[in-house]
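These notes concern the structure reproduced below.
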2 protein chains.
Amino acid sequence: MTLQEIAKRASVSTATVSRTINGAPTVDPTLARRVRKVIEAVGYYPNTHARALVSGRSRILGLMVSETVEPFFPQILQTFENLSFEHNYEILLSSISRERRQMEAAVRRMIECRVEGLAVLSSEKETALIELFRGQTLPIAVLDHEPPGPLLKTVSIDYKHGVREAVQHLAALGHARIALITGPARLKTAAARTIAFQECMKEIDLEIPRDLLVEGGHTLESGMKALSVIAALPERPSAVLCSNDMTAIGVMRRAFELGLNVPRDLSVVGFDDNHLAQFATPPLTTVQVSYVDIANAAFKALLKSVEDRSNESSREVSAIQSNLVLRRSTTLTARRVNDGATVKRAYKQAAAVREPKSDSESRSSGGL
Amino acid sequence: MTLQEIAKRASVSTATVSRTINGAPTVDPTLARRVRKVIEAVGYYPNTHARALVSGRSRILGLMVSETVEPFFPQILQTFENLSFEHNYEILLSSISRERRQMEAAVRRMIECRVEGLAVLSSEKETALIELFRGQTLPIAVLDHEPPGPLLKTVSIDYKHGVREAVQHLAALGHARIALITGPARLKTAAARTIAFQECMKEIDLEIPRDLLVEGGHTLESGMKALSVIAALPERPSAVLCSNDMTAIGVMRRAFELGLNVPRDLSVVGFDDNHLAQFATPPLTTVQVSYVDIANAAFKALLKSVEDRSNESSREVSAIQSNLVLRRSTTLTARRVNDGATVKRAYKQAAAVREPKSDSESRSSGGL
DNA sequence: ATGAAAGCGCTAACAG
DNA sequence: CTGTTAGCGCTTTCAT
């Protein structure tokens with residue numbers, strides 16, 4: 001069934017049918033009704049490919065993410081889905097492979113499908129990826145990318161806010177020796193977390209001895225290993241901040257094995273607030289990063305870029321905030337434990353303390 | 001840049017360019033090389049929309065799932081992604097909304113994009129959904145659907161295998177009173193699990209008193225509530241099988257609160273083997289359902305249906321097996337606890353015991 | 001083996 | 001306000 005056929009049956013021109021379908025205001029209500037009736041009757045659905053071809057607009061947005069098997073991925077996808085739906089776009093999904101050939105193939109698909117905009121939500125490989133789109137006049141939204149170009153919209157994550165809350169929360173509980181278990185060095189987001197930690201510690205004049213900066217790998221195992229290292233230290237820290245939740249879970253598991261009670265003997269803070277965090281034992285205090293907000297910002301930036309054709313030069317930057325979510329894996333240090341009021345005060349000091357927006361939608365492990 | 005332009009620059013006809021691109025065998029190698037050179041030089045990418053329009057083949061497969069925010073979803077999507085990539089299809093994703101209007105809109109999108117096949121991987125609403133595709137001559141792959149039609153490929157999940165392993169494993173450990181916490185009644189997959197349990201219990205002549213069949217809702221809270229009910233029973237069961245992992249986690253949490261030790265006082269078995277299962281305390285013994293296998297079967301069925309145009313009548317049924325995964329949430333009953341050898345023997349009796357294929361890719365909560 | 005030409009289904013001038 | 005018409009970029013006979 002084609003538009004032509006509808007035109008014939010409704011005894012109007014194809015133009016009128018087209019106008020009716022697209023809700024053009026200049027079409028006689030009587031005719032419009034007649035057309036719609038025929039469309040309804042025969043079960044006609046316009047062909048998007050023909051439409052895309054002639055209009056030059058595919059109404060498809062590309063979404064490239066590191067791994068669909070990542071904890072935050074569902075939230076990102078769901079958000080994109082909803083927004084696309086709302087704005088009448090389709091989304092073309094692709095995972096960013098480590099292999100060059102696969103990456104090129106993915107890029108090819110995006111281009112061949114004539115996506116009108118692209119969101120790259122990954123913490124590695126984005127630079128190489130974006131490079132492959134050189135010369136495509138395609139708006140791209142990406143996390144914290146330098147240098148931004150005219151078509152490059154940037155979504156930046158403010159790790160510092162949440163980390164500051166975490167550090168000050170711990171300090172208020174009496175912790176002075178706070179360790180950090182980092183993520184893999186190659187992830188720029190992990191690096192950003194480390195820097196945020198260092199800066200926030202400095203803000204309140206806390207030192208970070210070399211041996212309290214332990215490299216992790218954002219995995220359960222790396223967290224376990226890191227805690228073994230930390231536990232063997234001559235002067236053990238009383239709290240540890242982890243670069244993601246999975247690491248924190250590993251830390252808690254190893255702590256348990258070593259007979260260390262969390263939080264009594266060791267306060268643990270995670271990062272991301274994925275699904276596991278709230279179900280951990282004890283439930284994990286963590287720096288929440290809202291992937292919904294991130295996806296939202298990326299989509300909006302893209303949409304704006306696609307709909308306007310003018311503002312090509314305004315390289316937008318949308319900043320997403322992180323926040324501490326208080327649960328049960330942190331508490332007073334031993335020397336403060338007798339001071340009953342202190343714990344309450346400390347909890348209050350963690351300014352933006354709140355449960356995440358949609359706890360039940362959170363997911364596990366990883367982080368962008 | 002268009003195919004025409006390439007033809008001009010390579011001084012050949014558009015037909016030759018088309019043939020070259022599509023790897024037709026009847027094109028002179030010299031010409032082909034010349035064409036490819038131009039294509040490479042100018043960075044030409046064929047337009048899939050034009051291609052789809054003229055060829056009548058979109059090379060798009062639809063995938064509809066209940067909620068992208070579901071634990072098993074990433075595995076399904078990833079599997080589809082990989083396979084699509086491999087076979088040069090794109091996938092059009094849509095979540096199955098509870099609202100009628102949204103559902104219709106999703107169906108419309110699928111049809112307008114001219115998807116060549118559709119996988120519906122959901123445990124509710126599929127019948128209504130499929131109904132909306134009536135008269136579309138579109139191959140559809142769906143979970144256990146009755147009645148199967150000529151274009152309806154069915155993927156069925158054999159819950160009984162895994163449940164049998166679970167029940168016999170528990171029986172071997174000395175458990176005679178085994179409770180079941182069901183899922184929501186509206187989910188046909190949950191109902192199937194319940195039936196499998198009843199049948200497997202009957203197989204080994206174990207009774208299921210009315211009060212050992214407790215309705216749950218596949219949520220943490222429902223698991224907690226269900227255990228409260230069970231714990232209050234005059235004659236408490238020594239083991240409980242849950243309709244999904246989330247329920248089992250809730251059971252374990254409430255058990256902990258009630259001072260019941262899992263597995264010593266109560267053996268707990270989950271269902272699905274999602275991400276949480278292995279990280280639970282204690283790690284959860286569970287009936288694993290491989291969503292990778294399910295997605296794989298659905299895709300393959302679809303592909304076959306799309307590529308052949310003949311076998312429209314062969315309504316395939318691919319059966320996916322479930323298996324028990326042994327972890328630490330089950331053990332001997334009190335009366336057997338003194339018999340040292342028994343536990344080993346029991347573990348051996350659970351025939352197909354093994355760790356899941358890719359533990360680290362599993363996800364949390366829910367179940368199809 | 002290659003080219004010329006006819007559309008695929010739709011939109012958007014343009015003319016009326 | 002409506003209709004006519006010219007393509008959008010590609011594949012595919014059908015000749016040659």
Side-chain angles (χ1 to χ4, degrees), chain A residues 1-36 38-39 42-60 88 90 108-116 136-137 309, chain B residues 1-36 38-39 42-60 88 90 108-116 136:
Chain A
M1 195 45 66
T2 72
L3 184 145
Q4 282 223 43
E5 186 67 19
I6 303 295
K8 195 185 297 173
R9 301 205 188 191
S11 314
V12 295
S13 69
T14 60
T16 299
V17 178
S18 177
R19 288 186 189 112
T20 305
I21 290 172
N22 298 305
T26 67
V27 57
D28 185 297
T30 318
L31 282 195
R33 214 174 307 120
R34 203 163 78 209
V35 170
R36 271 194 280 272
V38 176
I39 288 178
V42 303
Y44 163 76
Y45 294 89
N47 183 323
T48 55
H49 303 291
R51 209 197 286 247
L53 185 57
V54 64
S55 70
R57 299 215 36 194
S58 65
R59 297 202 77 83
I60 301 179
N88 264 288
E90 303 301 336
R108 170 179 307 280
R109 294 199 312 166
M110 292 286 163
I111 298 175
E112 291 189 349
C113 286
R114 301 295 190 265
V115 297
E116 298 187 49
Q136 287 296 322
T137 43
R309 13 197 333 87
Chain B
M1 194 46 66
T2 71
L3 184 143
Q4 282 225 42
E5 186 67 18
I6 302 296
K8 194 185 297 172
R9 301 206 188 190
S11 312
V12 295
S13 70
T14 60
T16 300
V17 177
S18 177
R19 288 186 189 112
T20 304
I21 289 171
N22 297 307
T26 69
V27 58
D28 185 296
T30 318
L31 281 194
R33 214 175 307 119
R34 202 162 81 210
V35 170
R36 270 194 281 269
V38 175
I39 287 178
V42 304
Y44 164 76
Y45 294 89
N47 183 322
T48 54
H49 303 291
R51 207 195 285 244
L53 185 57
V54 64
S55 70
R57 300 216 34 197
S58 66
R59 298 201 76 82
I60 302 178
N88 263 289
E90 303 302 336
R108 172 180 306 281
R109 294 200 311 166
M110 293 286 162
I111 298 175
E112 291 188 351
C113 285
R114 300 297 190 264
V115 298
E116 298 186 47
Q136 289 296 322

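Fair warning: this is a prediction, and the values are worked out from it, not measured in the lab. Sequence lines set the chain letters: A, B, ... in the order given, protein chains first and strands last, and positions in each chain run from 1.
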To the nearest 0.5 angstrom, please state how far the CG atom of B:L31 sits from the OG atom of B:S13.
-> 9.0 Å

State the CD-CD distance between A:E112 and B:E90, to the nearest 0.5 angstrom.
-> 8.5 Å

When the distance from [atom1] of [X] to [atom2] of [N] is rounded to whole Å, what number comes out?
| X | N | atom1 | atom2 | result |
| --- | --- | --- | --- | --- |
| B:R59 | D:dT11 | CZ | P | 12 Å |
| B:R34 | C:dA1 | CZ | P | 16 Å |
| B:H49 | D:dT11 | NE2 | P | 14 Å |
| A:I111 | D:dG9 | CD1 | P | 16 Å |
| B:I21 | D:dG9 | CD1 | P | 14 Å |
| A:Q4 | C:dC10 | CD | P | 9 Å |
| B:N22 | C:dT2 | CG | P | 15 Å |
| B:R19 | D:dT12 | CZ | P | 10 Å |

Closest approach of A:T2 and A:Y44, non-hydrogen atoms and distance?
-> C-CE1, 3.6 Å

5'-most by nearest nucleotide on DNA chain D - A:T14 or A:T26 | A:T26

Short question: side chain of [X], backbone of [Y] - any donor-acceptor pair under 3.5 Å?
| X | Y | value |
| --- | --- | --- |
| A:H49 | B:A50 | no |
| A:R34 | A:A10 | yes |
| B:S58 | B:R114 | yes |
| A:D28 | A:T30 | yes |
| A:S55 | A:R51 | yes |

Of the candidate nucleotides D:dC10, C:dA5, C:dT11, which contains the atom at the shortest distance from the side chain of A:L3?
-> C:dT11

From the options C:dC10, D:dG9, C:dG3, select the nucleotide whose nearest atom is closest to the side chain of A:N47.
-> C:dC10

Would you mind classifying the nucleic acid contact of A:V27 as base, sugar-phosphate or nothing, using non-hydrogen atoms under 4.0 angstrom?
-> sugar-phosphate

At under 4.0 Å between heavy atoms, what does B:V12 touch on the DNA or RNA strands: base, sugar-phosphate, or nothing?
-> sugar-phosphate

Please tell me if [X] has a side-chain N or O lying less than 4.0 Å from either OP1 or OP2 of [N].
| X | N | result |
| --- | --- | --- |
| B:S18 | D:dC10 | no |
| A:Y45 | C:dC10 | no |
| B:S13 | C:dG3 | yes |
| A:T16 | D:dT2 | no |

Using a cut-off of strictly less than 4.0 Å between a heavy atom of the residue and any atom of DNA chain C, enumerate the qualifying residues of residues 50-57 of chain B by number.
-> B:L53, B:V54

Whichever of B:P29 and A:A15 has its nearest DNA chain C nucleotide further upstream toward 5' = B:P29

Does any donor-acceptor pair link the side chain of B:R114 with the base of C:dG9 at a separation under 3.5 Å?
-> no

